[in-house]
Amino acid sequence: MLEVQGLTIRADGRDLVRDLALRLPAQGITALIGPSGCGKTSVLKWLAGILPQGLGATGTLRLDGAPIAPPHRALSYQPQGDALFPWLTIAQNAALGLTVAGLPRRAAHARVAPLFAAFGLAGCEALYPAQLSGGMRQRAAFLRTMVQDSRLVLLDEPFSALDAVTRLRMQDWLRSRLQAAPRAVLLVTHDLHEATGLADRILVMAAGPGRIRAEIPVPIPQDQRSEAALAPLRETLKTLLLEDPPR
Amino acid sequence: MLEVQGLTIRADGRDLVRDLALRLPAQGITALIGPSGCGKTSVLKWLAGILPQGLGATGTLRLDGAPIAPPHRALSYQPQGDALFPWLTIAQNAALGLTVAGLPRRAAHARVAPLFAAFGLAGCEALYPAQLSGGMRQRAAFLRTMVQDSRLVLLDEPFSALDAVTRLRMQDWLRSRLQAAPRAVLLVTHDLHEATGLADRILVMAAGPGRIRAEIPVPIPQDQRSEAALAPLRETLKTLLLEDPPR
Amino acid sequence: MLMRVLTPLAVFAALLAGWEAYCRLAGVSPLVLPPPSGVLRALVQNRAEIAPHAQATLSVAALGFSLSVAFAFLTSVVLQALPRAERALMPLFVASQTVPLVALAPLMILWFGFGLLPKVLLVVLVTFLPMLISLLSGYRQVPQAFVDLLQAMGAGRWTVFRRARLPSARPAFLAGLRISATYAIVATIFAEYAGARRGLGIYILAAKNNFRADLVLAAVVVSAGLTLALLALLHLAARLTARGPEGQAPDA
Amino acid sequence: MLMRVLTPLAVFAALLAGWEAYCRLAGVSPLVLPPPSGVLRALVQNRAEIAPHAQATLSVAALGFSLSVAFAFLTSVVLQALPRAERALMPLFVASQTVPLVALAPLMILWFGFGLLPKVLLVVLVTFLPMLISLLSGYRQVPQAFVDLLQAMGAGRWTVFRRARLPSARPAFLAGLRISATYAIVATIFAEYAGARRGLGIYILAAKNNFRADLVLAAVVVSAGLTLALLALLHLAARLTARGPEGQAPDA
Amino acid sequence: EIPAPTDAQTPVTIALDWTLNTNHIGLIVARDRGFYAEAGLEVEILPYSDTSSAALLASGAADFGYLTSLGFLSARAGGADLVALWATMQHETGRLVYNSDNAAITRPADLSGKTYAGFGSAWETALIGTMIAHDGGDPVWDTVTLGTGAYEALAAGQVDFTLEVATWEGVNGALLGRHQSAFRYADYGIPDQQNGYIATRATVLAADPDLVTRFMRATQAGYAWAADHPDAAAEMMIAAGDFPNPALVHGSMQAIVEGGYLRDGAAPVGAIDADRFAAMARFLFDSGVLKDAGGAVLAWPGDVSAWYDQSWMAK
Ligand SMILES: Nc1ncnc2c1ncn2[C@@H]1O[C@H](COP(=O)(O)OP(=O)(O)OP(=O)(O)O)[C@@H](O)[C@H]1O
Ligand SMILES: Nc1ncnc2c1ncn2[C@@H]1O[C@H](COP(=O)(O)OP(=O)(O)OP(=O)(O)O)[C@@H](O)[C@H]1O
Ligand SMILES: [Mg+2]
Ligand SMILES: [Mg+2]
């Protein structure tokens with residue numbers, strides 16, 4: 001279990017996030033949802049240990065009760081968009097986390113190779129990102145993240161660069177992928193349809209300064225999440241989100 | 001009523017859109033929905049008379065039965081994003097369509113001025129786009145389109161640059177705006193939640209080559225479109241869209 | 001902000017100090033390498049003599065640069081309207097940059113006399129292309145959506161140019177202006193070298209022929225000062241003419 | 001594609017024809033303006049003499065250019081790691097471009113003698129800054145997400161540089177290389193003018209002092225040819241070393 | 001003395017004052033007839049460049065320099081540590097030229113108010129001013145600094161007059177069929193001077209007088225041979241250099257020999273005449289051309305005999 005306490009993020013004397021507390025169970029998807037600029041990305045970057053230079057932060061992070069300092073191997077981070085390096089093949093991109101961690105190239109590729117099929121990328125190993133469709137690129141980015149074998153995966157709006165239809169497809173894909181190989185996930189999004197469709201638990205953030213306003217469990221099993229079943233929850237969330245004054 | 005018949009759009013000998021027919025009533029919102037690359041933008045650009053150079057098109061366009069050739073004053077086009085000119089003030093941006101059409105500057109500004117309040121932009125006349133939030137910029141773009149007094153408004157994914165919460169807000173705003181000042185609208189989107197939330201009628205396009213697969217009326221009155229009421233329709237649409245093979 | 005000015009100045013002062021120390025300690029002949037103090041003294045003592053030369057250089061540079069900007073602008077307007085002409089002419093313009101001007105300058109004096117023409121022409125030759133390339137690439141930087149919007153409003157080619165392409169090219173234009181301005185003074189001096197009545201080029205030539213390295217370097221200092229002043233002026237003009245909120249921030 | 005090559009060539013041929021016709025019809029003295037045919041004849045007749053000069057120029061240019069690229073690369077690596085040093089040094093580098101080299105070149109010969117050093121230094125002076133600026137701006141063009149990704153993977157500063165910044169700078173590096181290459185030959189000729197044993201600069205100077213405008217222009221043609229060959233070589237190298245699918249398309 | 005063995009040749013460089021021409025004939029002859037090699041020297045004649053030979057010599061970039069009279073005197077007076085070893089031309093080869101069809105010019109006084117194509121050296125002003133004033137004119141004129149472009153500009157009538165070397169540009173003008181007339185400096189108040197000095201640094205002379213002697217004697221032998229065999233020397237020169245117009249070299253050599261420029265009376269080739277040396281120096285001092293390193297006009301030092309040294313000629 002990952003626990004954040006008293007997280008305050010400051011920029012130029014202004015609190016972007018104030019005294020935020022967070023608990024992430026060892027299993028399941030937690031969605032972090034909120035209006036633009038409320039600090040979702042900042043919280044995620046702090047967890048990943050890559051808060052931008054201008055920002056200062058205080059707060060404690062515990063993994064199973066023991067304090068840890070990010071960046072930590074137990075957490076892997078997937079930035080917004082796919083962030084695939086255009087000058088590397090898909091295989092090289094997928095192995096990036098391993099080679100950066102010091103694994104020899106050959107060993108890293110051996111670790112990555114068996115996963116391509118499961119990620120719907122069989123035969124794409126030697127292609128370059130520009131040769132792939134948006135959905136395939138996104139799956140390659142997931143492969144790069146998942147092969148790092150961390151305990152918690154931090155996803156910053158993984159589907160925001162995709163069109164809505166591909167997004168629906170990728171949500172289905174991610175759901176089944178996580179059922180096949182469970183992993184704890186923190187998913188940042190501002191799309192309530194996405195959050196309700198994927199998450200086991202939704203944290204609603206409010207802006208000015210950023211804080212957690214509500215924690216909403218999603219009690220519907222993953223395979224029964226039809227539009228009708230999710231409708232009441234979505235209505236609630238919509239009201240919650242639209243309550244927040246526009247910025 | 002606007003009528004398109006036998007529209008075929010070609011690029012390099014390949015048909016992007018083939019033999020497409022379309023009828024737009026004089027009132028209400030028609031959504032054009034479909035996967036990425038199916039040709040939605042191309043159809044809209046053909047209607048606006050701005051098909052890119054590489055593309056060739058054949059087809060007829062009739063307004064109330066009489067053939068017309070785009071660009072035509074009866075149709076106004078709003079490109080993806082907000083396309084506000086950063087070097088013009090909001091008032092100058094809003095008056096752009098009028099001044100380009102040859103109206104003197106003073107007269108154009110006089111026509112635009114009374115509308116700022118209704119578009120939630122009172123006091124922003126002399127500001128520059130960079131000084132406005134995303135939602136305000138989008139409203140300014142709508143103001144620029146609506147003041148052109150065309151009979152049909154062509155919107156290409158007007159909300160795609162906005163975050164999900166602002167998008168919800170802007171959908172509500174557009175709905176009420178159109179109720180206050182009705183206008184026929186053709187709304188291109190690939191977001192089924194958006195299409196069902198706003199449209200009176202949904203045209204579902206399929207790719208390879210682009211064609212209309214289904215025409216689905218949305219019989220629910222605009223003020224009763226709760227998540228629950230829309231759920232069955234959304235489920236149908238989702239199935240329809242996901243049926244199309246991924247590209 | 002203050003630090004951003006002070007640090008380079010400190011480094012510069014250190015360089016000068018090192019040069020001065022080297023001259024004094026190694027006892028270098030001032031004929032070969034005068035110390036900075038010697039250059040400064042020469043500059044102060046001969047300021048009355050240098051001033052008219054500097055003024056002559058400045059006028060030629062200003063005239064050539066203005067003509068070059070005007071000419072580049074007109075050419076860019078024509079070329080953006082005629083893509084075929086652009087494709088035909090740009091390779092020639094680019095190839096023209098590979099000609100060693102050091103060889104051409106004396107010939108140009110022969111061809112065009114020693115009036116203003118050859119010097120202005122040389123300045124134009126040096127400064128024209130960066131401007132033209134910047135402008136053309138600036139026109140291309142207009143977002144397609146802006147063009148689409150205007151065309152759907154019924155705008156013709158010229159309206160699209162005037163209302164979207166031209167304003168979009170402003171940053172690129174300023175960048176080109178800055179590059180060209182950096183070379184305007186240097187190119188003028190270069191042209192004067194090949195033949196002139198007056199100007200820093202002539203002054204440098206005479207100083208060199210009279211074995212006055214200190215005066216050569218004094219003239220170099222003046223020339224660098226003129227260029228920096230020209231750049232500062234452009235920076236100011238860019239700020240003053242900026243439209244929109246970026247008028248407050250330095251956008252150039 | 002063929003048209004893109006043929007149209008500029010046709011325009012160029014037309015220009016040459018106009019020049020030739022002017023020389024013949026106006027009866028210009030070939031001492032002042034030789035016709036293109038005269039230049040060509042001079043070039044062919046004196047090719048054996050020009051060749052060793054061209055070769056000398058090419059070696060100096062190649063050496064200076066390579067050193068400049070290597071030096072610019074090393075400097076860029078150091079400066080991107082030390083932002084404070086970058087802020088302190090860049091204004092000085094930029095100011096150095098405002099110095100009229102025409103004045104400095106003879107002094108450099110005096111300071112560093114008749115050997116390779118002053119000429120190579122001049123080439124470096126001219127070509128270093130465009131490279132450095134291109135590289136530094138290239139490093140900055142790396143998407144923040146790439147840096148974030150690597151840092152979250154535990155990468156240090158150097159790994160981020162090597163795996164993300166450096167490859168991102170490739171297009172900017174190639175652009176800088178092209179700009180610098182355009183000036184390498186010209187700068188060498190310029191340096192030779194101030195003092196050399198051999199080289200196109202010396203050849204041009206001698207031809208000029210012997211009143212042989214045709215030989216001057218022949219040497220100019222050779223120099224332009226060398227520059228274009230250098231640019232073509234770079235283009236080829238860029239294509240051959242391209243990674244990814246853009247390797248097929250011209251990316252430079 | 002014993003010539004050094006040929007396999008241990010001492011490298012020596014000499015910088016030129018101008019693009020290779022007949023003034024340098026002795027250097028080419030000495031090199032190509034092997035006089036230098038016999039003296040154990042491997043002489044490299046550096047091509048002319050935009051950097052003056054006086055500066056190259058003073059800075060140590062060359063061991064010897066072929067300098068114009070003005071170049072030597074300015075550098076020496078300005079504090080450069082140079083010693084003249086040799087004077088090629090026993091009389092002034094320079095002269096002031098104008099187009100013969102320019103009816104407005106008949107005498108130096110007519111040059112007042114005319115346009116002069118100059119070269120950017122300080123003594124031109126003193127020279128022309130003195131000539132005009134000596135002839136009773138008002139020494140005011142317009143200067144355009146053109147360098148070598150001066151001759152084409154004069155031929156094209158863009159300027160009224162310029163200075164030339166009679167034995168080079170003068171011969172070339174005649175070959176091109178240009179009708180030009182000239183005023184000799186010495187006729188209008190300028191002391192007749194020797195021209196074309198070979199100099200070295202005093203430190204070189206002090207450190208290795210033997211080298212200087214070997215070099216200068218071989219050079220002298222070269223010039224002497226050239227004076228005796230003008231046509232053969234011209235051929236040698238043509239073979240050595242890249243001369244577009246061989247007739248110019250022959251014509252120039254002929255003019256040099258006929259004009260008594262190389263050999264004047266009984267004096268050995270290259271001898272420096274003390275009186276004429278001092279007279280010219282005096283003229284330059286008095287007309288304010290010579291300045292110190294700080295730019296201040298120098299006063300006549302009274303004696304300049306230490307500025308040259310021809311002890312290498314003595315046995
Ligand atoms: N480097 C920085 N310096 C100063 N302020 C910053 C910096 N980075 C972000 N901010 C501010 O912090 C706030 C939160 O930004 P953040 O990116 O975390 O929001 P977000 O919730 O991820 O928004 P979005 O949904 O638009 O991605 C914003 O108001 C932003 O302007
Ligand atoms: N100028 C062009 N030349 C050739 N093909 C083009 C051109 N413009 C678009 N296309 C192709 O036409 C097809 C339809 O493009 P279009 O932009 O109309 O799709 P869309 O439905 O709007 O997609 P999206 O949802 O991604 O905006 C795509 O396959 C695209 O690659
Ligand atoms: Mg974010
Ligand atoms: Mg589209």
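Every chain is numbered from 1, with letters handed out A, B, ... down the list of sequences.
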Checklist line | Contact summary for Thr98(D) and Val186(C), nearest pair of heavy atoms | finding: O-CG2, 3.7 Å
Margin query: Taking the side chain as everything from C-beta on, heavy atoms only, tell me whether Leu15(D) gets closer than 4.5 Å to Leu92(C).
Written below: yes
Checklist line | Part of Leu205(C) lying under 4.5 Å from any heavy atom of chain D | finding: neither
Notebook entry, point to check: Where do Leu217(C) and Leu104(D) land on the side-chain contact (heavy atoms from CB on, under 4.5 Å) test, with the steps shown first?
Noted result: CA-CA 8 Å; Leu217(C) 291 178; Leu104(D) 218 56; 4.2 Å; yes
Next item on the list: Apply the side chain to side chain contact (heavy atoms under 4.5 Å, CB included) test between Pro100(C) and each candidate in Val222(D), Leu200(D), Ile189(D); give the one that qualifies.
Entry: Ile189(D)
Checklist line | Flag if over 12 foreign heavy atoms under 6.0 Å of CZ, Phe112(C) | finding: yes
Checklist line | Rounded distance (nearest 0.5 Å) linking atom CD of Gln97(C) with atom CG of Leu231(D) | finding: 11.5 Å
Notebook entry, point to check: So which of Ala224(D), Ala213(D), Ala95(D) has the biggest tally of heavy-atom pairs under 4.5 Å with chain C?
Noted result: Ala224(D)
Notebook entry, point to check: Which heavy-atom pair separates Arg87(D) from Pro8(C) by the least distance, and what is that distance?
Noted result: O-CG, 3.6 Å
Notebook entry, point to check: Quick check: are there more than 12 heavy atoms from other residues, nucleotides or ligands sitting under 6.0 Å from CZ of Phe93(D)?
Noted result: yes
Item checked: chain C contact via Tyr193(D) - which portion, at a heavy-atom distance below 4.5 Å -> side chain
Margin query: Using a 6.0 Å cut-off, check whether atom CZ of Phe12(D) has over 12 heavy atoms from anything other than its own residue.
Written below: no
Item checked: CG on Leu33(D) to CG on Leu107(C), rounded to 0.5 Å -> 8.5 Å
Item checked: Between Ile204(C), Leu226(C), Val220(C), Val11(C), the one whose heavy-atom pairs under 4.5 Å with chain D are most numerous -> Val220(C)
Margin query: Can you give me the closest heavy-atom contact between Val102(C) and Phe190(D), atom names plus distance?
Written below: CG2-CD1, 3.8 Å
Item checked: Residue Arg198(D) excluded, over 12 heavy atoms near CZ under 6.0 Å -> no
Next item on the list: Measure distances from Leu9(D) to the heavy atoms of chain C and classify the residue's part below 4.5 Å as side chain, backbone, both or neither.
Entry: neither
Notebook entry, point to check: Do other residues, nucleotides or ligands put more than 12 heavy atoms under 6.0 Å from the CD atom of Gln55(C)?
Noted result: no
Check: Taking atom CG of Leu89(C) and atom OG1 of Thr7(D), what is their separation to the nearest 0.5 Å?
Finding: 10.0 Å
